[in-house]
Number of protein chains: 2
Amino acid sequence: MSAVDPERHCPAFQITVELAGRRWNGAILLAAERGATRYSEFLAAVPGISERLLAQRLRELDAEGLVERVVVPSTPVQITYTLTGKGAELVDALRPLIAWGERWIGEGTRADG
Amino acid sequence: MSAVDPERHCPAFQITVELAGRRWNGAILLAAERGATRYSEFLAAVPGISERLLAQRLRELDAEGLVERVVVPSTPVQITYTLTGKGAELVDALRPLIAWGERWIGEGTRADG
């Protein structure tokens, strides 16, 4: 194992970009920032994601403290997912990637391949 | 399949964050931005990555146009990888994640778990 180069390695950044970049996470976080709160709204906002995987990702994002799961005691019961402060700050930090994506990847692209 | 919600879905962003967030990509790009050019320097800058996977990721980043692979005809031959304009812009766009990571994940973290 080579000696670690502390000047060029930033573990917190690596964890962050790999958390945000995990398949579907970025799209779910952006959808939450753009107003999605219910499961069906996330399903519509992230084309291609399966129902099972959306449920799993929402659980993971809840466990990471990026979204907050709230059970609304209505009839029928409703469950909402909203960005926490930590999650909202992450979406803000990701915002420059929107412009980069539009410049280098282009508008008419599909992401559910 | 639910109808797509165009207001909340941004495919170019999703592709971008999943490209940057792919395991090791962020750390490699940051190392390149911080001066790593040779294979051994990337290996030292990204603790935990295997030699095989580093070679694969450098090929992928080259194919994506994010780094440029140059063969230096010295003796012995040397191969360098440097950020392209596209790659440098991506690292700039990722920069806010460094501060987010340091705030929410913390300095002393390891990322090669």
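To find a chain, count down the sequence lines: A is the first, B the second, and so on, and within it residues start at 1.
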Peer 1: Over all heavy atoms of both residues, which pair between A/Leu66 and B/Trp100 is shortest? Give the atoms and the distance, please.
Peer 2: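 The answer is CD2-CZ2, 3.8 Å.
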Peer 1: Run the side chain to side chain contact (heavy atoms under 4.5 Å, CB included) check on B/Val67 and B/Thr82 step by step: do they pass?
Peer 2: CA-CA 5 Å; B/Val67 298; B/Thr82 48; over 6 Å; no
Peer 1: Provide the closest heavy-atom pair for A/Ala93 versus B/Leu97 in the form atom of the first, atom of the second, distance.
Peer 2: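 Shortest heavy-atom separation between A/Ala93 and B/Leu97 comes out as CB-CD2, 3.7 Å.
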Peer 1: Taking the side chain as everything from C-beta on, heavy atoms only, tell me whether A/Glu64 gets closer than 4.5 Å to A/Leu19.
Peer 2: yes
Peer 1: Can a salt bridge be assigned to the pair A/Glu60 and A/Arg57 using a cut-off of 4.0 Å between side-chain N and carboxylate O?
Peer 2: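 A/Arg57 and A/Glu60: salt-bridged.
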Peer 1: Can any side-chain N or O of B/Thr84 pair as donor or acceptor with the backbone N or O of B/Gly65 at less than 3.5 Å?
Peer 2: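 Judged by distance alone, yes, a pair lies under 3.5 Å.
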Peer 1: Grab the two heavy atoms, one from A/Trp24 and one from B/Glu18, that are nearest each other, plus how far apart they are.
Peer 2: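 Closest approach of A/Trp24 to B/Glu18, heavy atoms only: N-OE2, 2.7 Å.
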Peer 1: Identify the two heavy atoms, one from A/Glu102 and one from B/Cys10, that lie closest to each other, and give their separation to 0.1 Å.
Peer 2: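 Closest heavy-atom pair between A/Glu102 and B/Cys10: OE2-SG, 4.1 Å.
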Peer 1: Does anything in residues 25-38 of chain A get under 4.5 Å of chain B by heavy atoms, and if so which residues?
Peer 2: A/Gly26, A/Ala27, A/Leu30, A/Ala31, A/Arg34, A/Gly35, A/Ala36
Peer 1: Heavy atoms, side chains only, cut-off 4.5 Å: are B/Gln14 and A/Arg23 in contact?
Peer 2: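 Heavy-atom side-chain distance check passes, below 4.5 Å.
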Peer 1: Does a side-chain heavy-atom distance below 4.5 Å link A/Leu61 with A/Tyr81?
Peer 2: no
Peer 1: Do any of residues 72-80 of chain A have a heavy atom less than 4.5 Å from a heavy atom of chain B, and if so, which, in residue order?
Peer 2: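 Listed by number, there are no contacting residues, so the answer is none.
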Peer 1: For A/Pro96 versus A/Asp92, what's the shortest heavy-atom pair and its separation?
Peer 2: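 Looks like CD-O, 3.8 Å.
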Peer 1: Using non-hydrogen atoms and a 4.5 Å limit, figure out which bit of A/Arg103 sits close to chain B: side chain, backbone, both or neither.
Peer 2: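 Side chain only.
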Peer 1: I'd like to know which of A/Val46, A/Leu94, A/Ile98, A/Leu90 tops the heavy-atom pair count under 4.5 Å against chain B.
Peer 2: A/Leu90
Peer 1: Let's test your reading of the structure: which of A/Glu89, A/Arg95, A/Glu41 forms the most heavy-atom pairs below 4.5 Å with chain B?
Peer 2: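 Going by pairs under 4.5 Å, I would pick A/Glu89.
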